[in-house]
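In what follows, a structure is listed as structure tokens, so that the remarks can point back to it.
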There are 2 protein chains.
Amino acid sequence: MVTDAKTYTVSEAARLAHVTVRTLHHYDEIGLLVPSKRSASGYRLYTDADLRRLHQILLLRELGFPLETIGRVLDDPSYDRATALRAQRELLVERIRRTESVVRAIDRALDALERGTEMEPERLFEGFEDFDHAQYEAEARERWGHTEAYKESLRRTRRYTKEDWAAIRAESEGLMDEFAAALTAGKSPEDAADLAERHRLHIERWFYPLTREGHVGLADLYEADARFGKYFESRAPGLTQFVASAIRANAARAGA
Amino acid sequence: MVTDAKTYTVSEAARLAHVTVRTLHHYDEIGLLVPSKRSASGYRLYTDADLRRLHQILLLRELGFPLETIGRVLDDPSYDRATALRAQRELLVERIRRTESVVRAIDRALDALERGTEMEPERLFEGFEDFDHAQYEAEARERWGHTEAYKESLRRTRRYTKEDWAAIRAESEGLMDEFAAALTAGKSPEDAADLAERHRLHIERWFYPLTREGHVGLADLYEADARFGKYFESRAPGLTQFVASAIRANAARAGA
DNA sequence: CTTGACCCTCACGCAACGTGAGGGTGTAAC
DNA sequence: GTTACACCCTCACGTTGCGTGAGGGTCAAG
């Protein structure tokens, strides 16, 4: 691939992308979008590749993801632009559907107004049940390691109801509780291997196929990502390490 | 109208509207949505009317308006729910169109990827040219006083291009510059009446029919709303009062 | 050289909540 | 009556993602 010689100044890039210069400064500052070049006088110079990354950033931002998450996604070794674009497309289509739902609720409200009747509150707020970002994100975090896995989980989860999500959450929380209990009871990671296996099956059932090798990769992710650490540690100090070790113990005994 | 006996606790209202309890606390705190009742123990109790107001809040929030603006709109004496719903509907439909545009840009990006070609940057970011809230807001501020006027201006402005907006802004800025120059030169508001007339015609041309009486109402708004004050004062100290007085002088001489 | 548009870094401030802390209320079960 | 649990209150620190200057440098045209 030929080196891209065309560059844009910060204001040019901002204008093209419909964002502010300050936004681009900020993204540079936090390492989200660092311009590929700087002029001799220190001016930021953005390349086409930079603009493509910016496009991804704006798509995910539009979908409501926090910048920190966006950065992690884009920097993941398994990140693949085509797959990401497709996934983002699906989420955007879903968003359109929801907005259409809001519009229909407006129509019904206008209708009720003209008839002098009242709408049920639930129907008034249709379309506002935005997908739960925390939920999506927690689950998404378990996916990012595997792009194909992400795709598969998207295929599956798109049809999940609130009840499904509630069940997923209950099951997940239950497993975490049991991990915490095992740790508190002084058990070793090897003793918790069954729990790890159940955890793996939980992901397999609800999200995507997960080999034990993949599970170990996930354990690495748990240890590396401070947000997982925060989640686990809030339950029991040392839980992150414990879960990760249990996962490794599970993989090791399967290999035995 | 019969008094509405049905009430909802804060969590019930939050669940119905798909927002958090904290959000409702916050809205109460800032006076945006104050529950109609409180129980003997101090619990917030929301009525159906409260939920209808919340619906409006969420619609305008969804469209990107700041809460302060939302509050002003809903508290305006000329606020009319049906008209507001219709206007919001139109803005939401526009938003759907823009998101569809984003999706089409994704499709083109995927196409280019498969062909190994590159997209023009402008086309990559199509759909992200979100309507300029500051612009809309500045212009909307000139509308709120008259609901019919708002409707008319919406009808007109929906088809305005970026060039139109640029022209509007240039004209508006130009007028403001001339007002500031007149003030700085020590002219009286009476001497600036012609400018006021041009200002009135500017609004008539781009937004809605504006009588001189209506123009005076606008002058009142300029003086009453701190945000206008901020805008004018940033150009020249005392400009708010000057413009308002010029508008009144213009109306007075037309009556002479 | 001057002017005007653009560039840089630095940094205070804000909107809109999120997340506890600490304590009260209501209801059902024991 | 006590306990447990889910919900309620106010208070308040903190976060995210910029907006808005301040103060000064760069570039190109007149």
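Sequence lines set the chain letters: A, B, ... in the order given, protein chains first and strands last, and positions in each chain run from 1.
B:Tyr79 approaches B:Ala84 most closely through the heavy-atom pair CE1-CB, 3.6 Å.
In this structure, CZ on A:Arg123 lies 13.5 Å from CG on B:Leu16, to the nearest 0.5 angstrom. Considering CD of B:Gln88 and CG of B:Leu63, their distance stands at 7.0 Å, rounded to 0.5 Å. With rounding to the nearest 0.5 Å, the separation of CE in B:Met119 from CZ in A:Arg52 is 10.5 Å. To the nearest 0.5 angstrom, B:Ser11 atom OG is 10.0 Å from B:Tyr43 atom OH.
Residue A:Tyr46 is tested with A:Leu33, A:Leu54, A:Val34 for a side chain to side chain contact (heavy atoms under 4.5 Å, CB included); the sole match is A:Leu33.
For B:His25, a side-chain nitrogen or oxygen approaches OP1 or OP2 of D:dC9 to under 4.0 Å. Proximity of A:Arg15 to the phosphate of C:dC6: no side-chain N or O atom is located under 4.0 Å from OP1 or OP2. The phosphate of D:dC8 (OP1 or OP2) has a side-chain N or O of B:Thr9 nearer than 4.0 angstrom. A:Arg44 has a side-chain polar atom (N or O) that falls below the 4.0 Å cut-off from OP1 or OP2 of C:dC8.
The existence of a salt bridge linking A:Glu126 and A:Arg98 is excluded, since no basic side-chain nitrogen approaches an acidic carboxylate oxygen closer than 4.0 Å.
The distance between atom CD1 of A:Ile70 and atom P of D:dT16, rounded to the nearest whole Å, is 13 Å. Taking atom CG on A:Leu24 and atom C1' on C:dC8, their separation rounds to 14 Å, with Å as the unit. Residue A:Asp28 contributes atom CG, which lies 7 Å from atom P of C:dT9 at whole-angstrom precision. We find that CG of A:Leu33 is positioned 15 Å from C1' of D:dG17, with the value rounded to whole Å.
For the pair B:Asp28 (side chain) and B:His25 (backbone), a donor-acceptor distance under 3.5 Å is absent.
For the pair A:Leu32/A:His26, no side-chain contact is recorded, criterion being any heavy-atom separation below 4.5 Å from C-beta on.
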Using a 4.0 Å cut-off on protein heavy atoms (strictly under), produce a 5'-to-3' string for nucleotides 16-27 of chain C with B for base contact, S for backbone-only sugar-phosphate contact, and - for none.
SBBB----BBS-
Hey, what are the protein-to-nucleotides 2-5 of chain C N/O distances that come in under 3.5 Å?
none

